[in-house]
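Data first, discussion second: the structure below is written as structure tokens.
All figures in this text were calculated on a predicted structure; none of them were measured in a lab. Below, read A as the first sequence line, B as the second, and so on, with proteins coming before strands; counting in each chain starts at 1.
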There are 2 protein chains.
Amino acid sequence: MNSLNTKVWSAETVSADLERAIHEHRLPPGTKLGEDELGEAYGISRTIVRAALLALSHRHLVELKRNRGAFVAQPSVREAREVFEARALLEPRTAWSAAERMTDDGLALLHENIRQEHAALDAGENGRALYLSGQFHIEIARIADQTTIEGFISELISRSSLIIALYWRRRAAMCETQAHHALLDAFEGRDGATAEQLMKSHLLDLIASLDLRNVTQPPASLREALNR
Amino acid sequence: MNSLNTKVWSAETVSADLERAIHEHRLPPGTKLGEDELGEAYGISRTIVRAALLALSHRHLVELKRNRGAFVAQPSVREAREVFEARALLEPRTAWSAAERMTDDGLALLHENIRQEHAALDAGENGRALYLSGQFHIEIARIADQTTIEGFISELISRSSLIIALYWRRRAAMCETQAHHALLDAFEGRDGATAEQLMKSHLLDLIASLDLRNVTQPPASLREALNR
DNA sequence: GCATCGGAAATTGTATACAAAGTTGTGCCC
DNA sequence: GGGCACAACTTTGTATACAATTTCCGATGC
């Protein structure tokens with residue numbers, strides 16, 4: 001397929017590779033992930049593919065349907081709300097902690113992240129920009145030195161990317177880099193309270209940019225959808 | 001071994017069974033979980049066992065050491081702190097939500113849970129009591145109608161059980177049933193603010209009952225420990 | 001006695017074979 | 001032509017065979 005054969009793949013690297021592809025919208029929600037297909041693409045047996053798909057299903061990025069196969073997840077409106085509820089509980093306080101423990105290295109990483117995101121947007125690589133935008137949030141948890149919370153946020157960020165793929169409303173380019181800039185300012189001033197507040201607003205903006213009315217819901221079953 | 005052969009086991013049921021055993025301290029931290037051993041015990045092949053162990057490792061209840069095997073996880077002091085940090089972010093607000101949405105069915109379930117926990121304590125079944133005590137917290141998230149957060153809390157609760165196994169200090173019986181009673185009262189009064197506050201205190205009490213000084217830390221490697 | 005170096009045994013890692021379930025296509029019947 | 005049944009094909013589920021690695025144990029040398 002591509003350069004997938006040049007690397008030694010393991011269940012971890014394959015699932016990370018797939019997660020990034022999902023995050024960047026190269027694998028849109030609902031995509032069938034056939035085991036043979038993936039095995040040939042990566043040059044590995046189905047054993048490893050299955051372990052990778054299992055890992056992704058535990059992160060709710062892939063849905064395993066018994067005897068039917070693996071599909072990129074399609075979060076429901078309800079799940080979308082829940083994901084942002086969880087982020088609202090975890091991220092603002094974590095931003096506060098990050099501000100308190102901020103180091104110059106941390107600031108440099110965040111700066112570099114924003115720079116790359118701008119570059120990606122300028123190059124029209126929207127998927128890559130979205131991925132980098134997510135990494136910004138994960139980097140904050142890392143700076144806050146909270147590995148456990150970082151794991152949860154990392155999963156929620158990837159799920160958010162699926163939600164954005166399904167429910168994104170604004171066609172205007174992601175104006176959120178402004179929010180990240182503002183956060184960076186707060187971090188530079190080691191201002192925990194402001195960082196927490198900015199993160200809270202940022203998440204509210206994000207969910208406000210989605211169309212979570214039940215109308216756009218993908219049909220539970222094709223049969224049901226057509227019988228309406 | 002026991003009645004394990006009477007049931008049709010799948011990766012999901014096996015990992016749930018193991019998780020409960022870990023939660024109840026029947027499988028203490030550090031226990032080796034051999035694949036053949038488990039396969040024979042449950043009457044299934046290593047394929048299913050591996051899928052179950054993989055699931056548990058994703059929940060941080062089992063540590064997979066490459067070419068060495070699977071072991072019941074031994075959370076570090078640092079990890080212990082992180083788990084309770086995460087719980088402190090998630091559970092108090094979730095308790096508030098639960099209070100707001102509380103139903104009579106929900107109250108009955110919580111009541112029954114406390115009753116069974118008392119019964120288990122009276123019967124000297126400490127492991128079972130600990131498990132039920134965890135279920136109380138998970139039930140709250142369920143009543144709050146937050147499936148995603150419930151999943152995170154469920155993982156954190158199981159990890160807390162490992163932490164208790166390693167760092168529990170008070171020999172006195174778990175006095176925390178008092179805390180659960182107080183929470184139940186707040187729920188009965190649909191008093192979100194009090195429920196949130198009680199949950200916060202409850203978690204602080206819990207972490208205060210642990211000995212998280214670095215001294216008791218199990219050595220990273222036996223060799224290193226002996227060379228000191 | 002102690003450390004070190006094989007080599008056998010045991011255990012995990014990966015691929016593959018076969019079974020089971022689902023999907024698709026064809027032809028028959030009405 | 002539409003509906004249905006059955007068969008061929010495709011895909012996933014599980015077990016097992018074999019390879020790779022570690023562990024255990026005893027022999028060897030100092």
N or O in side chain of B:Lys32 less than 4.0 angstrom from D:dT22 OP1/OP2:
no

For B:Arg46 and D:dA15, is the shortest distance between a side-chain N/O and OP1 or OP2 below 4.0 Å?
no

Please tell me whether A:Arg59 and A:Ser158 have a donor and an acceptor in their side chains that are separated by less than 3.5 angstrom.
no

Atom pair distance, as rounded to whole Å: CG in B:Asn67 and P in C:dT12
10 Å

Rounded to the nearest angstrom, tell me the gap between atom NZ in B:Lys65 and atom P in C:dT11.
16 Å

Which of the following nucleotides, D:dT14, D:dA15, C:dA21, is nearest to the side chain of B:Ser45?
D:dA15

Side chain of B:Thr47: nearest nucleotide among C:dT16, D:dA15, C:dG22?
D:dA15

Could you check A:Leu61, A:Leu56, A:Leu162, A:Leu18 and say which one makes a side chain to side chain contact (heavy atoms under 4.5 Å, CB included) with A:Val72?
A:Leu162

How close or far is atom P of D:dT12 from atom CZ of A:Arg50, stated in whole angstroms?
8 Å

Do the two ring centres, one from A:His137 and one from A:His202, sit under 6.0 Å apart?
yes

Once you round it to whole Å, what is the distance between P of D:dT16 and CG of B:Asp36?
11 Å

Can you tell me the distance, in whole Å, between the CG atom of B:Leu53 and the P atom of C:dG13?
10 Å

Rounded to whole Å, the CD1-P distance (A:Ile48 to C:dT14) equals 4 Å

Rounded to whole Å, CG of B:Leu64 lies from C1' of C:dG13 at a distance of 12 Å

Before accepting this row, confirm whether a basic side-chain N of the pair B:Glu85/B:Arg81 lies closer than 4.0 Å to the acidic partner's carboxylate O.
no

Considering only heavy side-chain atoms of A:Arg68, the closest of D:dT14, C:dA15, C:dG22 is C:dG22

So, is A:Arg66 near the phosphate of D:dT14, with a side-chain N or O under 4.0 Å from OP1 or OP2?
yes

Tell me whether B:Asn126 contacts the main-chain N or O of B:Leu121 through its side chain, where contact means a donor paired with an acceptor under 3.5 Å.
no

Rounded interatomic separation in angstrom, taking CG from B:Leu38 and P from C:dT12:
9 Å

